[in-house]
Amino acid sequence: MASCGSNGVESPNTLQSICYNRGSLQLLDQRKLPLETIFLDIKDSTDGWNAIRDMVVRGAPAIAIAAALSLAVEVSNLGSFNGSPGDAASLLQSKLEYLVSSRPTAVNLSDAATKLKEVISKAAATSSEARSVFQAYIEAAEIMLEDDVASNKAIGSYGAKFMQQQMEKQKLSVLTHCNTGSESRLERMRNYREKGVTLKGLDHVSFNLATAGYGTALGVIRALHSGGVLERAYCTETRPFNQGARLTAYELVHDKIPATLIADSAAAALMRDGRVDAVVVGADRVASNGDTANKIGTYSVALCAKFHNVPFYVAAPLTSIDLSLSSGEEIVIEERSPKELLNTRGGLGEQVAASGISVWNPAFDVTPAGLIHGIITEKGVITKMSSADAFDIKAFIQKTG
Ligand code: MRU
């Protein structure tokens, strides 16, 4: 166990999920939330890989940043390195590939690796020593951690405005699934790179899951609440790992948002009772037609919403969109350990299921674009004709620049 800077362990309300100083990284062990606030020391990419795989850190944007920083810490603390700039680049590139293999579904991790590899190749081509390549990598990884709640806020405000316009009611009740507490800094990094700006030596930068990070789907809920138009937020437990019960519920309580926790299987009944005006969820990867991979159970919620005429929205930064995929059929879905179902607490507690039963445990599912009313991004809401089965995301991106 490690402490996080000056206030990580002592102050459970801050819920900093990533604590970083150059050369040191601690990750909040999200498996222990909300009952314990424990940080784990991450010394290298192997620790990073294990922390991502074992769900110490989770959520599409957070795993990308944690992966990048784990390797930054490793190379910061590398003693001597006798190779050429090209050798340094190969080392970094192979470690990034290794990190990407930790969890396959969220595009943010592979997108971050691709962008970091570009930085590495450029540095290797222009540097005379390996150290400069490592330095360029560390700085690029640190920029990913740069606090940028601006795009979260834009998602929140576009989403809240759009939902209000679509509804005839004064106050809305919204259901969400899983946990979407904070958002990516990748956009910021790209902006810096395009302008040729290099940031040096960030000191004790931290990433707040609950407070500074506004969130994507949760950002929309926060914006509705702060605009006085949220009647109530409903969050699902999100079996088997309980991200909703443990993390989203924690954030909603923390922010004093009127909120109710439901079992995943209660969503249809809640909608039938007319208690849900809209559903908003996050995304791990959105294909170019709008098919969206998100936490397992999202598809069932979307089907229930369709049946009950409840609009269903996806809130995601443009960095979660994978234009290389024409549809959700191409998205690789991670399958996780049977233990998550066999035992309580997402596999961390005691056995609950019958010994010998076989288990299918996909961590994500794909909601077809036809069930999605709008994709809320930091550049606006992507819509389609209500009868259409697909979004034209490419056209939206071209139009919004
Ligand atoms: O398995 P997890 O907890 O990493 O899954 C997280 C989700 O599915 C989130 O909804 C998604 O990553 C969006 S986070 C802004």
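Ligands are counted one by one from 1 in listed order, and the atoms in each one are counted from 1 as well.
- Of the options Asn294, Thr292, Asn108, Thr377, a side chain to side chain contact (heavy atoms under 4.5 Å, CB included) to Ser320 is made by Asn108 and by none of the others.
- Under a 3.5 Å cut-off, the side chain of Arg336 and the backbone N or O of Arg53 do form a donor-acceptor pair.
- Within the listing of ligand 1, atoms 15 (C) sit less than 4.0 angstrom from a heavy atom of Thr216.
- For Arg103, the closest heavy-atom approach to ligand 1 falls below 4.0 Å.
- Under 4.0 Å from ligand 1, not a single heavy atom of Ile63 appears.
- Between Arg239 and Glu237, at least one side-chain N (NZ, or NE/NH1/NH2) sits under 4.0 Å from a carboxylate O, which counts as a salt bridge.
- Not close to ligand 1: Val281, with no non-hydrogen atom less than 4.0 angstrom away.
- Contact between Ala283 and ligand 1 is present, with at least one heavy atom of the residue lying under 4.0 Å from the ligand.
- With respect to Leu247, the side chain to side chain contact (heavy atoms under 4.5 Å, CB included) criterion is satisfied by exactly one of Asn242, Leu33, Leu252: Leu33.
- Of all the heavy atoms of Gln243, the ones lying under 4.0 Å from any atom of ligand 1 belong exclusively to the side chain.
- Between Phe391 and Phe396, the ring center distance fails the sub-6.0 Å criterion.
- No part of His177 comes within 4.0 Å of ligand 1, judged by heavy-atom distances.
- Residue contact check for ligand 1: Ala106 places no non-hydrogen atom closer than 4.0 Å to it.
- For the ligand labelled ligand 1, residue Phe364 lies inside the 4.0 Å heavy-atom shell.
- In this structure, of Gly59, Gly244, Pro317, the residue bringing a heavy atom nearest to atom 4 (O) of ligand 1 is Gly59.
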**Message:** Go through it in stages, so that I can follow the logic: the residues are Ser70 and Glu74, the test is side-chain hydrogen bond (donor to acceptor under 3.5 Å, both in side chains), and I'd like the CA-CA distance, side-chain angles, deciding distance and then a yes or no.
**Reply:** CA-CA 6 Å; Ser70 69; Glu74 180 170 339; over 6 Å; no
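- Put simply, the side chain of Glu378 gets close to the backbone of Leu318: a donor and an acceptor are under 3.5 Å apart.
- When non-hydrogen atoms are compared, ligand 1 lies under 4.0 Å from the backbone of Ala60 as well as from its side chain.
- Looking at heavy atoms from C-beta onward, Gln243 lies out of side-chain contact with Thr248 at the 4.5 angstrom threshold.
- Note: an N/O pair closer than 3.5 Å links Arg58 and ligand 1 by distance alone.
- For the pair Asp29 (side chain) and Arg31 (backbone), a donor-acceptor distance under 3.5 Å is present.
- Residue Glu334 places no heavy atom under 4.0 Å from ligand 1.
- Proximity to Asn294 (heavy-atom distance under 4.0 Å) selects the following atoms of ligand 1: 7 (C), 8 (O), 9 (C), 10 (O), 11 (C).
- For ligand 1 and Met55, the ligand atoms under 4.0 Å from any heavy atom of the residue are 1 (O), 3 (O).
- Every atom of ligand 1 with a heavy atom of Asp284 under 4.0 Å away is listed here by number and element: 7 (C), 8 (O), 9 (C), 11 (C), 12 (O).
- Here the options are Lys169, Arg232, Gln166, Lys171, the test is side chain to side chain donor-acceptor pair (under 3.5 Å), and the partner is Asp277; only Lys169 passes.
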